[in-house]
Amino acid sequence: MFLFGTVGIPKSTHKKPGGTIGGITRLRELTLEALENGWVRSVRVSEAICAEIKSCGINNQVKISVHAPYYINLNAEEDEWSKSRIRLIDAAFFGFLADATDVIFHPGSYLNQKPDLVLDLATRRLTECVMELKSKNITINLRPETMGKSTLIGSIEDVLKLGYQIDSVLPCLDFAHLHARAGDGTMNSYREWSDLLDLYQSYLGEESLSHLHIHLSGIEYSNKGEKKHSELLKSDFRTQELFQCLKDKGCSGRILCESPILEEDAILLKNLWEGMQ
Ligand SMILES: [Zn+2]
C-alpha cells in the first residue's frame with residue numbers, strides 16, 4: 001500500500017485560505033493522502049503555523065513530510081557547513097512541530113573529491129545532526145535523496161551507506177533521478193529496480209521496504225544526467241514496470257509527485273497503482 005501526494009501544494013489549491021492549509025484540504029478533495037512541504041528556499045514558518053499544519057493534516061488524514069532547503073551540502077567548507085547545518089536542523093525542528101515524519105534533503109556535491117572520502121565526512125556531520133535532534137527530543141527521519149547527476153552526493157550506494165550507518169537516517173528514493181543519473185538511459189527496467197530494491201533490503205533490513213519514501217515524475221536528461229523534471233506521460237520513464245516491481249516486492253510507504261503538473265500526475269500514479277491491485 002502506498003499513500004500518494006505532491007511535493008509542494010497542488011496547483012489547483014483554492015486561493016482562500018491558500019498556502020499549506022489550503023494545500024492540505026485540496027489534497028483531501030483530490031483523494032490524495034500525503035504532502036511534502038516544499039521549504040526548498042528557506043525555512044520560514046512560525047511555531048503557530050506549524051501547529052495549524054499539524055491539526056489540519058490530522059483532520060484531513062494527510063501525512064506530512066518536509067523538503068528541506070536546496071542549499072545544504074554535507075561536504076561544504078567548514079563555515080559554509082555551519083549554515084547548511086542550521087538549514088537542516090531548522091527543517092527538522094519545524095517539521096517535527098508540523099507533525100512531519102520525514103525531512104528530505106539534497107546531500108550536496110562531491111566538489112571533485114573522491115566519493116568515499118566525501119561520504120566519511122558526510123557521515124560524521126549527519127551523525128552530529130541526528131545527535132543534536134535527539135538531544136532536543138525531536139523524533140524525525142532524515143532522508144538524503146538520490147540525485148540526478150553523478151557529480152552530486154546521492155548515488156544509491158551513498159544514501160544506503162548513510163542509512164546503514166546512522167540511526168534515524170533513511171534514503172529518499174527519487175526514481176527519476178536514479179534513471180537520469182548515469183545519463184545513458186539505464187535504471188528504467190524491472191530487472192534494474194528489482195536489483196536496487198534487493199540492495200536496499202540487504203543494507204537496511206527485512207522491514208525496510210515497507211516504509212519507502214519515493215519521489216516520482218518524468219525526467220529529461222542528457223549524458224551529463226538530469227536536465228529537469230517533466231510530465232510522466234511525456235518522458236521515457238517506465239512507471240508501470242516500476243510499479244509492478246514495487247508490488248511484487250510487497251513495498252509500501254509514500255509516493256510524492258514532483259512533475260510540473262503535480263497533482264494531475266499524482267492522481268495518474270494513484271490510479272495506475274490501484275488499477276494494478
Ligand atoms: Zn529533492
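In each ligand, atom 1 is the first atom listed, and ligand 1 is the first ligand listed.
At a cut-off of 2.8 Å, His215 does not coordinate the Zn ion (ligand 1) through any N, O or S atom. Distance check for Cys172 against the Zn ion (ligand 1): none of its N/O/S atoms falls below 2.8 Å. With 2.8 Å as the limit, Glu258 does not count as an N, O or S neighbour of the Zn ion (ligand 1).
None of Glu80, Glu78, Glu128, Glu132 except one satisfies the salt bridge (Lys or Arg N to Asp or Glu O under 4.0 Å) rule with Arg85; the exception is Glu132.
Checked against a 6.0 Å centroid threshold, the rings of Phe105 and His67 do not count as neighbours.
Restricting Glu145 to its N/O/S atoms, the shortest distance to the Zn ion (ligand 1) is reached by OE1. When the Zn ion (ligand 1) is compared with the N/O/S atoms of His106, atom NE2 turns out nearest.
Residue pairs that meet the salt bridge (Lys or Arg N to Asp or Glu O under 4.0 Å) test with at least one member in residues 158-181, sequence neighbours left out, are Lys134-Asp167.
With rounding to the nearest 0.5 angstrom, the CZ atom of Phe237 is 8.5 Å from the CG atom of Leu178. Here the OG1-CD1 distance, from Thr13 to Ile9, works out to 4.0 Å after rounding to the nearest 0.5 Å.
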